[in-house]
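Whatever order the structure lists them in is the order used to number ligands and atoms, beginning at 1.
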Amino acid sequence: MKIYVMEDYQKLSAKAAQIVSSQVTLKNNTVLGLATGSTPEGMYQKLIEMYDAGSIDFSEVTTFNLDEYLGLDPDHPQSYHYYMHHKFFNYVNIPSQNIHIPPGQENNTAETCHNYEQKIVNAGGIDLQILGIGVNGHIGFNEPAKYLNTQTHVVNLSAETISANSRFFSKESEVPRQAITMGMGSIMQAQKVILLASGKSKAEAIKETVNGKITTEVPASFLQLHHEFILIADKEAAAYI
Ligand code: F6R
């Protein structure tokens, strides 16, 4: 495990963008695993700036997003499809056929999940996975539970996650109750994993992730077992480590 504690969110975002950019420069046809949420927004912004400056080329890159809410149209402003296009994809040159986001229709079947997993395998697996972390230690939408799923699956969101994510909606009752997410195995099989954490609301989860016991009650704690796990946290998120 490598830990970078950065002065602030701007520096955290710059560090993450620098690692993504180095990866894409070294391997033009990199397969990126991408996250949404507030934490990676700064990283996407920096990557767009690098692209505008001509210092990064995404033309051979393939992407797989971690998760999507169920029941929101792709053009709903809170869907992760909308987020990714409006905060990143619309501004860089990733070919549209190389972009993958789990489908958010309500009737997702085991086959839909399996197909997503199979696409990752067919692309050669994920080279670099970007993660954020929930206040309850979730990664993707792998919520604390007695058992965790290894592969892409449909999940009921926890009360903590619904409450935390209600800040993006006009009221809590509008937050979808279910999501589709890559599983723990899909994440752990990535060659390299970067976890981004910002703000004091994440400090406890980061302590458990880095120093706690490995437990399904803190899904991110499994990252301790990953051979190339990089944590980039700002001072507030790193306060207890
Ligand atoms: C989003 C995702 C989630 C978020 C996590 C933190 O694609 O996979 O695990 O990374 O909920 O969200 P923010 O960054 O909004 O605090």
Side-chain angles (χ1 to χ4, degrees), residues 6 9-10 12-13 16-17 20 32-45 63-70 72 74 76-89 99-104 116 120 126 128-145 148-149 152-169 172 175-188 190 193-206 208-209 218-223 229-234 236-238:
M6 310 305 291
Y9 179 69
Q10 284 305 321
L12 173 159
S13 302
V20 173
L32 292 176
L34 298 177
T36 59
S38 52
T39 315
E41 281 189 31
M43 176 194 78
Y44 290 131
Q45 192 51 48
T63 65
F64 287 90
N65 265 80
L66 279 166
D67 43 19
E68 176 59 289
Y69 289 119
L70 295 196
L72 298 186
H76 186 290
Q78 295 312 328
S79 80
Y80 291 166
H81 279 73
Y82 185 95
Y83 172 114
M84 287 307 303
H85 285 91
H86 287 80
K87 294 193 189 297
F88 188 47
F89 295 146
I99 291 171
H100 305 89
I101 304 176
Y116 195 70
I120 298 176
I126 291 171
L128 176 61
Q129 176 68 55
I130 309 295
L131 296 175
I133 186 168
V135 287
N136 61 3
H138 75 208
I139 48 177
F141 274 138
N142 293 279
E143 298 282 33
L148 297 177
N149 286 61
T152 301
H153 60 286
V154 167
V155 64
N156 295 325
L157 297 178
S158 72
E160 267 173 315
T161 298
I162 291 168
S163 158
N165 289 7
S166 65
R167 70 191 195 280
F168 300 115
F169 294 81
E172 191 170 308
V175 183
R177 269 34 189 177
Q178 286 193 309
I180 177 171
T181 181
M182 276 165 55
M184 291 299 294
S186 336
I187 293 170
M188 292 296 283
V193 177
I194 305 182
L195 175 63
L196 308 179
S198 170
K200 58 177 183 297
S201 69
K202 303 294 172 68
E204 193 63 41
I206 288 299
E208 294 303 323
T209 297
V218 184
S221 65
F222 280 84
L223 295 171
F229 166 42
I230 302 171
L231 168 65
I232 310 178
D234 63 14
E236 290 186 339

State whether a side-chain donor-acceptor pair under 3.5 Å links Glu143 with Thr161.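 Yes - a donor-acceptor pair under 3.5 Å links their side chains.
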
Taking only heavy atoms of [X] into account, list the atoms of ligand 1 that are under 4.0 Å away from them.
| X | value |
| --- | --- |
| Ile133 | 5 (C), 6 (C), 10 (O) |
| Gly132 | 10 (O) |
| Lys202 | 6 (C), 13 (P), 16 (O) |
| Thr39 | 13 (P), 14 (O), 16 (O) |
| Ala35 | 7 (O) |
| Gly37 | 14 (O), 15 (O) |

Side chains of [X] and [Y]: does their closest heavy-atom pair fall under 4.5 Å?
| X | Y | value |
| --- | --- | --- |
| Tyr69 | Asn165 | yes |
| Val20 | Leu32 | yes |
| His85 | Ile101 | yes |

Between [X] and ligand 1, find which residue part has any heavy-atom pair under 4.0 Å and reply side chain, backbone, both or neither.
| X | result |
| --- | --- |
| Thr181 | neither |
| Asp67 | side chain |
| Leu66 | side chain |

Hey, could you give me the OG1/NE2 distance between Thr63 and His100, rounded to the nearest 0.5 Å?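 Result: 7.5 Å between the selected atoms.
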
Drop me the distance from Phe89's CZ to Tyr44's OH, to the nearest 0.5 angstrom.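 If we round to the nearest 0.5 Å, Phe89:CZ and Tyr44:OH are 7.0 Å apart.
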
Under the side chain to side chain contact (heavy atoms under 4.5 Å, CB included) criterion, do Ile187 and Asn142 qualify, and how do the steps go? CA-CA 10 Å; Ile187 293 170; Asn142 293 279; 3.8 Å; yes

Is there a polar contact between ligand 1 and Gly140, counting only N or O atoms under 3.5 Å apart?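 Between Gly140 and ligand 1 (N or O atoms, distance only) the closest approach is under 3.5 Å.
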
Do any N/O atoms on Asn165 end up under 3.5 angstrom from N/O atoms on ligand 1?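 N/O-N/O distance below 3.5 Å does not exist for this pair.
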
Residue-ligand contact Arg167/ligand 1, heavy atom below 4.0 Å: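 Checking ligand 1 against Arg167, which is what was asked, there is a heavy-atom contact under 4.0 Å.
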
To check your reading of the model: name the closest protein heavy atom to atom 5 (C) of ligand 1, its residue, and the distance in Å.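 The answer is His138 NE2, 3.4 Å.
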
When you measure from atom 1 (C) of ligand 1 to every protein heavy atom, which one gives the shortest distance, and what is it?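 Going atom by atom, the protein heavy atom closest to atom 1 (C) of ligand 1 ends up being Thr36 OG1, 3.2 Å.
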
With side chain to side chain contact (heavy atoms under 4.5 Å, CB included) as the test, would you mind laying out the steps for Arg177 and Val175 before giving the verdict? CA-CA 6 Å; Arg177 269 34 189 177; Val175 183; 3.9 Å; yes

Main-chain N/O of Gly42 paired with Tyr9 side-chain donor or acceptor, under 3.5 Å: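 Checked: pair present.
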
